[in-house]
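Encoded as structure tokens, the structure appears first; notes follow it.
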Amino acid sequence: MPKRPADERGGGRSAKLPTSTQQRKHLYLVLDDWELGYSIRKVDLWPAFDSDEASSNSSTEQSLLPPAIFRLEAKHARSGQFAAFGTKIMFLGTIDNPWRTVPAYDVRTRSLTSAPRRDSDPNPFCCAYVQVDGKLFLLDDGVFEMLQSPPPPLDDTCLKVKVKFDWSWCTLPLPSYHDDVVSYAVHPDERTLVFSMVKHTLKKGIRLATLSFDIESSRWTRRGAWGLPFKGRGYFDRDLDAWVGLAAGDPDTLGHICACDVLSAGNGNGADGQPPAWKISKEKLFCVDPAEKHIGATLVYVGDDDRARFCLVQCLSVDDRLGGIWKESMPEQRGYLLRVTTFSLKYDKNGDLRIARHRLIGSFRLPDGAAVYYDQLERPVAFWI
């Protein structure tokens, strides 16, 4: 039997902790929303999980953002340089200090620690971060690296015998395609990573390919000249036995969820392998209200051992003008919302993919001026820790 991922959930199962020590996870939002850098805010999803009542897909009611639990001074427009590793949220961009480290905030202990800085490009941009089997993998244009789990705290015994722990980034072999990652997923065997990438060439233009990486052998396998049918990260849903992600490609599928078959872990699909079969959800999760303009969205797996669940974090803009007879004569003013919803998926009796147990958590108003740092609107950053 293949192992199921225990990190980033991915739809897999892991051993339950005793009730006395088990800690509930929460959604953490990373926002580029203050004059000196970023804030981390905590959102509790459990009331929605415990409720049997469905809620509307959208709401005109706006909520205040939860208070910041941590703030980090760093350059703006670098939201894509945050990654989750265990219980820590790490900023992998450049932070000037003499120790060549980067900040890592532990959401459980509420403490700030240091993590090793990468020796290669210190400012990754279009990264794919994958946490699996106690390791953090980073794939970017021309960079593929891995970070092992943090070493244990040094006690008096370790200091007396001068025990040393090497916590650093390890360079891994690059694939033949190594420009931009458009979609990626972890195989339920917990040793195979799958990436769809585009390569820009002068002679042949943009070329698309899907490849898999075997963690144990450090070998790449080309799966075919096609891409996975979702955008960004896909997660394994054990109930559907499929990868789930935000539908990509056709503008008509914008706002829908995609579920596709999992590729074989071995070399069954070589260079001429066929793309996996996939289905699009019947319902739209966003782009429903014409008065709202969709900007970007991120899908996060928030399931547990009992049920596969997902959280959609969507950025959108709304018209801030007052209603009534004066509206048409006033210049348009756009405000920005961060909408958080949860849902699960199922197949109906006809085999169609349907949205189930949909819950609106809140439509949070972003501070004025948030649009200046547009990357956080196109690619919201959220972690389930």
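The side chain to side chain contact (heavy atoms under 4.5 Å, CB included) search around Asp106 returns Thr87, Lys88, Arg108, Thr109, Ser111, not counting sequence neighbours. In this structure Phe144 satisfies the ring-ring contact (aromatic ring centres under 6.0 Å, His included) test together with Phe213, Trp220, sequence neighbours excluded. Not counting sequence neighbours, the partners of Thr342 by the side chain to side chain contact (heavy atoms under 4.5 Å, CB included) test are Leu45, Ala48, Phe49, Cys311, Arg359, Ile361. Every residue two or more places apart in sequence or in another chain was checked for a ring-ring contact (aromatic ring centres under 6.0 Å, His included) with Tyr336, and none qualifies. By the ring-ring contact (aromatic ring centres under 6.0 Å, His included) test, Phe82 is found to be paired with Tyr38, Phe91, residues two or more places apart in sequence or in another chain being considered. With sequence neighbours left out, Lys231 forms a salt bridge (charged side-chain N to carboxylate O under 4.0 Å, His left out) with no residue at all. Annotation: ring-ring contact (aromatic ring centres under 6.0 Å, His included) contacts of Phe310 (sequence neighbours excluded): Tyr301, Phe343. Arg41 pairs by the salt bridge (charged side-chain N to carboxylate O under 4.0 Å, His left out) definition with Asp33, not counting sequence neighbours. Legend: residues meeting side chain to side chain contact (heavy atoms under 4.5 Å, CB included) with Ser63, ordered by chain and number and at least two apart, are Phe364. Every residue meeting the side chain to side chain contact (heavy atoms under 4.5 Å, CB included) condition with Asp352, not counting sequence neighbours, appears here in chain and number order: Lys282, Asp348, Asn350, Arg354.
Judged purely by distance below 3.5 Å, without hydrogens or angles, the side chains of Arg339 and Gln314 never pair a donor atom with an acceptor atom. Ser212 and Arg223 form a side-chain donor-acceptor contact under 3.5 Å, judged by distance and modelled atom types alone.
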Result block: side-chain N/O donor-acceptor pairs under 3.5 angstrom for residues 246-259, not counting sequence neighbours:
unit_1 : atom_1 : unit_2 : atom_2 : d
Asp250 : OD1    : Asp252 : N      : 2.9
Thr253 : OG1    : Asp250 : O      : 2.7
His256 : ND1    : Ser281 : O      : 2.9
His256 : ND1    : Glu283 : O      : 3.1

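In this structure the side chain of Pro367 reaches within 4.5 angstrom of the side chain of Leu65, judged on heavy atoms.
Shown here for Val300 and Trp384, the closest heavy-atom pair between the two residues is CG1-CB, 3.8 Å. Considering every non-hydrogen atom in both His187 and Ser264, the closest pair reads NE2-C, 4.1 Å.
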Stepwise, does the salt bridge (charged side-chain N to carboxylate O under 4.0 Å, His left out) test hold for Lys293 with Asp319? CA-CA 9 Å; Lys293 293 183 179 180; Asp319 192 345; over 6 Å; no
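Summarising the hydrophobic clusters (Ile, Leu, Val, Met, Phe, Trp, Tyr; side-chain heavy atoms under 4.5 Å, direct or chained), the residues clustered with Trp278 are Ile280.
The structure places CD1 of Ile69 at 6.5 Å from CZ of Arg110, a figure rounded to the nearest 0.5 Å. To the nearest 0.5 Å, the span separating OG on Ser39 from CH2 on Trp34 amounts to 9.0 Å.
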